[in-house]
Amino acid sequence: MQNQLPTAEQVRRLQLLQGVDAGVFTLAVFSVIEAYIRDCLGGDADQNTSFPNLVNMFRDLHGHHGYKENNLFRNIKRIHGCTNSVRHNFGNLSVEEANGAVYLLRDLASLFRLPNQDGIAVLTRRLDSWDARKSPAETAVELEKANREIERLSKLNGNMAEKAALFDERQKELERLEIQLKAVQADYDLQLERNKKDKEKIDELRQKKHLAEEESRKSQKELRAQLAELSDAKDYIENLSRMVSYTRTRYDYEQGLVRLTAEQESIVRQVNFGRDFLVKGSAGTGKSLVLLKTLEKLLLDNEGRLFQERESVALITFSRSLEKYNRYVARLMDIRASSAPDDAGSGKAGDMIMTSESFLGRILRDAFPGVKPVYGSARCLEDTPVIKENPLGSEIWAELDRFILPGFVSRDEYCGEGKQGIKRTGMRKPLAPGARAKVWEAVEAIFSEWEKREAQPVPYLTYRLLRKIDGGEYSVPESLQVDYLFVDEAQDLTAASLRVLRLATRKSMILAGDSDQSVFQPGFTWSRAGIDVGGSTRTLHINFRSTDQINSIAERYRALIAGCDTDNVPRTFRMGPPVELHENKSQEESFRQMADTVRMCVKSLGYEPENICLIAPKKAQLEKLQNLLKDELDLDCAPVNAQDFDFAKPRIVRLATPQSCKGLDFPVVLFYLDHRAGFLYDFEESVFDKMNRNMVYTALTRSIELLHVFMPESVSDGPLGDIKKLLKGES
């Protein structure tokens, strides 16, 4: 593509404009981009072709459709839309938006080899603050105004998304009538030419044209009146578009930086592969990225020595959804070990990533041949006196599932043998002195019954495995061990599971975790798991995922969690739209509003469906949302923890529970919450409350750019009531 635009003179004029007026400068940048695209398209476009259509045509004819390129075109269309206020009303834009326009011009110049790139590079000097990940401060005054307007309009109107859809519908109807009227007028001119000698026919045509014009103008007048009444929806969308365009462009810029931040790089350098190492940090601080980069460093530093055994390195995750996500990110990063032999698979890091369930499953099957490991309930002996009459009653199952099995608690520890037994951290039902031996009698009866079965619960098999290892009856074979084991979201693995993993690791474990996102176990300690990270723990302090607005709400909420990790106080540097709260009378009303918001995100804000995640507490609720989006918007949805889910698959709205979304992030999160998690009732109230709050915090922190929370009006206290008060500015 031989193109001489932009010229040196055009670039020089941009340099002179920069810093004078952000709005005029941004408009000028897009004029240069449009001139370049029109020149490339030549006769394929005319003066009536809209800018978005120009970009689409250019992409189809000259693009290569890569991930970075698609993001570039999407952001060019987004930020160009924000210049309408400058074009039509001589409105102003912020320096941050002007910086975004420069970044897009720079990327366009780089990807398509535009001339005068040295001059364009001069324009990018103001991006230094983005490079250093600094907050916009005074450069974003106009964006702050836009945010305040979004908040004002959102509070005045119950459902801005519904009004925005109505505005869009009326606007398209007006455009249709205008096109229809032009067609009538063009047809009249044509018929007039054909019948210019037939006066009677001309009179008839003139009358028809007049009636059609009158009818059209009347309809247009009515539509304009309706649009005027919906002007707040127009203002809301325009301001929201500005915010998401800015934060998306800056986020893409940050993601495009080839280096880690100084903090992240420092931690990667400090990892000592000769001992266990823990990376801590709140949501969004990049723990998973640091883990992957540390894996990459290990592979590059040890080429020729690793992969002597197929499983010498592994990265494990707590959930299937996080496993798939880490595989997806590893593919994007193209992490590989170039010297891996043929029998080590492709040598890509994705081939070494698996769930903890998969990794542990191989060891359990080796230790207990003929036994089928199963998940889920395995209650037994419930009608026998030993179970019915134990001091805990039916809560014996909670004692097993929440305390004894995950903590690998032995009889001696539990019963105390003449001294006080191990503290039952977090368990709801207290035990009277001397009652523990009676409880343990029931526990041993359950164990004996399970051992008779071909299918045995995985938590019990893990417990039984550690007993065998401690008794010298089994050791993890070399073929199932790894030299180095990387563990993501380690806080949600049980102490028993982590202890087995440590025994299956020859050299060291590199772990990433955040105790304030744990939703499954109280009272966890690394020493209980047989892992020593004393002196080898580092904390990340900068949130790269979320905007200032999302992080502020999330961290103010986390501060309300009793015993929260005060070392984890992340900083952010990217502005975004305000977090919005929607209160409704019923679940159906909330779901309808969520569907309206999805429509707004796709139709008005230009998000792709795969950028959106709907989070709700129950699987049944997600299924209702899935059906609603299909029926109302013809959009497909998929749960992120489904067996066949693929993060790379486009045009699929993501669905998740607060548990299955852990470790993931999405540009848009619509979060519905209406009750506390029932599966935590086994714990005492303080622990139950803390873990519910951890779950809410986890869901809040999944969003990169746009976060909307939907709740029933009736919610007023507890973990849900507190987030409502925060979002309403009442605390």
Side-chain angles (χ1 to χ4, degrees), residues 273 276 279 287-296 298-299 306-337 340-341 343-368 372-375 458-459 461-462 465 476-494 496-513 520 529 531 639-648 659-664:
F273 293 108
D276 298 338
V279 181
K287 298 183 297 296
S288 296
L289 176 63
V290 168
L291 206 64
L292 285 167
K293 279 292 187 180
T294 307
L295 171 61
E296 181 181 50
L298 177 68
L299 297 177
L306 294 177
F307 298 103
Q308 294 171 11
E309 301 257 348
R310 180 182 175 90
E311 294 135 346
S312 58
V313 180
L315 187 153
I316 66 171
T317 68
F318 172 74
S319 66
R320 187 182 299 117
S321 54
L322 187 53
E323 173 203 17
K324 291 185 177 185
Y325 187 70
N326 277 333
R327 284 176 177 269
Y328 173 64
V329 173
R331 286 202 304 272
L332 291 178
M333 292 170 63
D334 197 28
I335 295 177
R336 63 178 67 238
D343 64 353
S346 68
K348 294 182 179 177
D351 298 325
M352 298 171 252
I353 298 172
M354 66 192 78
T355 62
S356 55
E357 178 183 322
S358 298
F359 191 94
L360 287 167
R362 298 177 308 170
I363 299 172
L364 294 177
R365 286 189 292 272
D366 179 76
F368 303 105
K372 180 183 177 183
V374 294
Y375 290 87
V458 166
L461 281 177
T462 305
L465 172 67
V476 180
E478 286 287 316
S479 61
L480 296 180
Q481 292 183 35
V482 292
D483 289 315
Y484 305 97
L485 185 63
F486 294 74
V487 185
D488 203 0
E489 299 292 345
Q491 76 278 350
D492 281 328
L493 293 175
T494 66
S497 297
L498 282 168
R499 190 171 169 196
V500 174
L501 294 175
R502 189 64 195 85
L503 293 167
T505 305
R506 284 187 284 268
K507 295 181 179 177
S508 63
M509 293 177 71
I510 316 300
L511 308 113
F520 296 105
I531 296 171
V640 296
N641 60 350
Q643 190 73 42
D644 59 350
F645 181 80
D646 183 358
F647 278 96
Q659 300 98 285
S660 65
C661 72
K662 288 175 67 62
L664 311 180

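The first residue of the sequence shown is numbered 1, and numbering continues consecutively from there. Just so you know, these numbers come straight off a predicted model, no measurement behind them.
Interatomic distance, CG of Leu485 versus CG of Leu511, reported as 7.5 Å (0.5 Å rounding). With rounding to the nearest 0.5 angstrom, the CG atom of Leu360 is 10.0 Å from the CZ atom of Arg365. Atom NZ of Lys662 and atom CD of Gln491 lie 4.5 Å apart (nearest 0.5 Å). Between the CD1 atom in Ile363 and the CD atom in Gln481 there is a gap of 8.0 Å [rounded to 0.5 Å]. Considering CG of Asp646 and CZ of Arg327, their distance stands at 11.5 Å, rounded to 0.5 Å. Taken to the nearest 0.5 Å, the CG atom of Leu498 stands 5.0 Å off from the CG atom of Leu493.
Residues satisfying the side chain to side chain donor-acceptor pair (under 3.5 Å) test with Asp488, not counting sequence neighbours, are Ser288, Asn326. Every side chain to side chain donor-acceptor pair (under 3.5 Å) that Ser497 has, sequence neighbours left out, goes to Thr494. Scored by the ring-ring contact (aromatic ring centres under 6.0 Å, His included) test, Phe368 finds no partners at all (sequence neighbours excluded). Evaluation of the side-chain contact (heavy atoms from CB on, under 4.5 Å) rule for Leu503 yields Leu466, Ile469 as partners, not counting sequence neighbours. The side-chain contact (heavy atoms from CB on, under 4.5 Å) search around Ser319 returns Ser321, Leu322, not counting sequence neighbours. With sequence neighbours excluded, no residue forms a side chain to side chain donor-acceptor pair (under 3.5 Å) with Thr505.
Ser508 places a side-chain N or O within 3.5 Å of a backbone atom of Phe273 that can act as its donor or acceptor partner. Side-chain atoms of Asp276 come within 3.5 Å of backbone atoms of Met509 as a donor-acceptor pair (strictly under, hydrogens ignored). A distance-only check finds a donor-acceptor pair linking the side chain of Arg506 to the backbone of Glu478 [under 3.5 Å]. Checked by atom type and distance alone, the side chain of Arg502 never pairs as donor or acceptor with a backbone atom of Ala529 at under 3.5 Å. At distances below 3.5 Å, not a single donor-acceptor pair connects side-chain atoms of Lys324 with backbone N or O atoms of Val640.
A salt bridge links Lys293 and Glu296; the closest N-O separation between the charged side-chain nitrogens and carboxylate oxygens is under 4.0 Å. A salt bridge does not link Lys287 with Glu489: every distance from a Lys NZ or Arg NE/NH1/NH2 to an Asp or Glu carboxylate oxygen is 4.0 Å or more.
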Going through the checks in order, is the side-chain contact (heavy atoms from CB on, under 4.5 Å) test met by Thr294 and Val290?
CA-CA 6 Å; Thr294 307; Val290 168; 3.9 Å; yes
Evaluate the side-chain contact (heavy atoms from CB on, under 4.5 Å) criterion for residues Thr317 and Tyr325: first the C-alpha distance (whole Å), next the side-chain angles of each, then the deciding distance (0.1 Å), finally the verdict.
CA-CA 10 Å; Thr317 68; Tyr325 187 70; over 6 Å; no
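Side-chain contact between Leu295 and Leu299 is present, with at least one heavy-atom pair separated by less than 4.5 Å. Side chains of Asp483 and Lys507 form a contact here, defined as non-hydrogen atoms less than 4.5 Å apart.
The aromatic ring centres of Tyr484 and Phe486 sit 6.0 Å or more apart.
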